[in-house]
Amino acid sequence: MSKRKTLIKVKPNKYKNGDIVKVSFMVMHPMETGLRKDKTTGKFIPAEYIKNVKFEYNGKVFTNMNIWETLSVNPVLTTYMKVDGEGVLKVTFTDNEGAVEESSQKIKPKG
Amino acid sequence: MQRRDFLRGLSVAAASAVVVTPSVSFAADEKPKGSNALSYKEALAAVTGSKTPEVSKKIALKVPEIAENGAVVPVTVEVDHPMNEDDYVKSIHVFATKNGNSRCVDAHLSPANGKAMLSTRVKLGETQEVAALVELSNGTFLISSQSVKVTIGGCG
Amino acid sequence: MRKILQISLCVVLASSLSFASEQFAMSNADRAMYEELMENNPADMMLSNGSELLDALGGDAALAKYLGLSEDELPVYLAGFPRYIEKFKMVVSIDQMLQAFMHESGKKPYALKSSDMFDMSSYVKSIANEQPINIDIEANEHMKKAYALGKEVFNTRRGGRGLSCYNCHNPGVVGGILRTQPLPDISAKGNASAATWPAYRMTKSKLATLQKRFQGCMQNALLAVIPLGSPEMTALEVYFTHEAKGAVIALPGLKR
């Protein structure tokens, strides 16, 4: 399967060491409940959802979320993190079939 | 698993319909249960165990009073509590009390968050309460809930 | 008989309108909360996909070259669509211009209704972000005609309920609430719809263009749906865009 489109946003855009910044993760995903019927075939569309999203900064997990099909399509998840040096913010997500994907962003504090 | 049960039920109903009378309605109208279906009561107990959460004003649960659209309902939970190494918010759980699967998010936090906050968008099947359950590092549970009216809004 | 039916339908429609003070109108706090969602608009991912699709065709630079412009001139030029393009001998929207661009680049053009085209055309329109809409309906006879046709489409009553766009979008119903939603007066000068579409539609969890949104409205109001890219549809976009002239483009939008 092709890689899913994701986006990581850090707010504010400029930050320094010690700042607490807002981290948002978005992914294009249908979050199918398994309870919806395909209008043309009349059959249930199989459940397909992300079950875990892990936020990691310089190798340390700071937020670990279990999520369910009850989240909206193309889910958005927001948490906070304390900036502590240059490094990489990595978000790893796992779907209900166990497929794992990740996306990352550089963290560059100014001053 | 649940779905298979449902399908089995369906075939039984179909078979009996043939034997008894053709006008018996099929069980197909019954809403199927998702494989993750878990009631709010059960989901809450699964997290808190035997403890009773305390209703707390330290939790700022922000949801719309009226949802524009049940498919995208914004939920923000902020906990007014320090995030120190020895005293912090351990987790924030969001429940949609009347959804088939009432669990939406279990966010496990750490002092490295600096601030205890969670924001996302959930699906709500009908008008209901959304609850935010918070576990502190000392094992205490706090809770807050808010009702959301779900309407079919506007054109299209 | 038909007349009676129409009248009674009008009564039903009128009685389902309520005003802002009623309990099912959204509060300002609620509205603010929905506005906050803009901060993380899922359509950002779709526009980023559109940008990659354009990159495969040579990116902004190749598009500018195709249009006979420098890259710096691109934003202002894009803020003037739909335009009459001599090469095509017709008034076109951005998506049709992109189809021609793809064709010329030796690629099979995306269908107007495909999600790839929505992604790419929305990205291309967003190149004009922060620019005021500068459509010029006086530019030539073709644009004048398109505007007049668009206005006619907007005001023509048709379909099962004999409704026109104007019926629900006119100064007389501003402030009215139809099932929790305030009715916007998109016939008013200065409305910004053309500046905030394409947008992510939360009810559909999809990116939609202005023309696609028109189709949804027509469908639900029981009007025969006008095809994307048809002269009438492009004309309706011209009409809307002209009414929003001067509004600053801010894409992608986020709508209910």
Side-chain angles (χ1 to χ4, degrees), chain A residues 9 11 15 17-27 29-37 42-85 87 89 96, chain B residues 2-3 6-7 28 31-38 43 46-47 67 69-79 83-84 88-125 128 130:
Chain A
K9 279 193 183 178
K11 289 262 163 120
Y15 43 80
N17 274 327
D19 281 0
I20 294 165
V21 294
K22 205 185 210 176
V23 175
S24 297
F25 170 70
M26 272 187 253
V27 52
H29 197 286
M31 297 301 275
E32 280 296 347
T33 57
L35 304 175
R36 234 161 47 94
K37 274 184 182 170
K43 286 189 178 145
F44 285 105
I45 302 167
E48 183 186 3
Y49 57 92
I50 296 174
K51 63 172 188 182
N52 180 268
V53 182
K54 218 160 52 185
F55 294 76
E56 213 171 315
Y57 171 41
N58 284 347
K60 198 180 160 205
V61 176
F62 60 91
T63 301
N64 189 354
M65 297 184 187
N66 291 325
I67 65 174
W68 281 272
E69 71 286 359
T70 40
L71 291 198
S72 304
V73 178
N74 302 325
V76 180
L77 294 158
T78 303
T79 183
Y80 277 83
M81 72 169 220
K82 205 173 190 173
V83 178
D84 182 22
L89 167 62
N96 59 322
Chain B
Q2 297 279 15
R3 184 165 157 213
F6 158 72
L7 289 172
K31 273 196 178 168
K33 268 187 162 183
S35 52
N36 288 331
L38 194 67
V47 179
N69 153 22
V72 184
V73 181
V75 179
T76 298
V77 185
E78 231 179 294
V79 192
M83 290 300 266
N84 300 330
Y88 61 96
V89 174
K90 207 171 147 193
S91 61
I92 300 175
H93 307 257
V94 175
F95 302 103
T97 57
K98 281 191 184 170
N99 277 2
N101 175 12
S102 61
R103 297 163 294 181
C104 298
V105 191
D106 295 339
H108 300 278
L109 307 179
S110 65
N113 286 114
K115 187 172 172 179
M117 182 269 198
L118 161 71
S119 173
T120 189
R121 294 144 203 202
V122 302
K123 295 181 198 130
L124 295 183
Q128 57 184 283
V130 170

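Below, read A as the first sequence line, B as the second, and so on, with proteins coming before strands; counting in each chain starts at 1.
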Heavy-atom proximity to chain B below 4.5 Å, by part of [X]:
X: V61(A); result: backbone
X: Y49(A); result: side chain
X: I67(A); result: both

Heavy atom to heavy atom, less than 4.5 Å: which residues from residues 98-106 of chain B reach chain A? N99(B), N101(B), R103(B), C104(B), V105(B), D106(B)

Greatest number of heavy atom pairs closer than 4.5 Å to chain A - which of [options]:
options: I92(B), V75(B), L118(B), T76(B); result: L118(B)
options: S119(B), A112(B), G70(B), G114(B); result: S119(B)
options: V94(B), V73(B), L124(B), V122(B); result: V122(B)

Nearest heavy-atom pair of W68(A) and N36(B): which atoms, and what distance? CD1-ND2, 3.7 Å

Minimum heavy-atom distance between F62(A) and S110(B), given as atom pair plus value: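 Taking every non-hydrogen atom into account, O-OG, 2.9 Å.
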
Taking atom NZ of K9(A) as the centre, report whether more than 12 heavy atoms of other residues, nucleotides or ligands fall under 6.0 Å from it. yes

The side-chain hydrogen bond (donor to acceptor under 3.5 Å, both in side chains) partners of Y88(B) (sequence neighbours excluded) come to none

Residues in side-chain hydrogen bond (donor to acceptor under 3.5 Å, both in side chains) with K22(A), at least two apart?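 Checked K22(A) against side-chain hydrogen bond (donor to acceptor under 3.5 Å, both in side chains); matches are E39(C).
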
Calculate, to the nearest 0.5 Å, the distance between atoms CG and CZ belonging to N74(A) and R121(B) respectively.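 Going from the CG atom of N74(A) to the CZ atom of R121(B) covers 10.0 Å.
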
Here the gap from L71(A) atom CG to K123(B) atom NZ, rounded to the nearest 0.5 Å, amounts to 7.5 Å

What do the steps show when you test M65(A) against T120(B) for side-chain contact (heavy atoms from CB on, under 4.5 Å), and what is the final call? CA-CA 11 Å; M65(A) 297 184 187; T120(B) 189; over 6 Å; no

Within residues 76-85 of chain A, contacts to chain B at heavy-atom distances under 4.5 Å involve V76(A), L77(A), T78(A), T79(A), Y80(A), M81(A), K82(A)

Under 3.5 Å, is there a donor-acceptor pair between the side chain of S72(A) and the main chain of A71(B)? yes

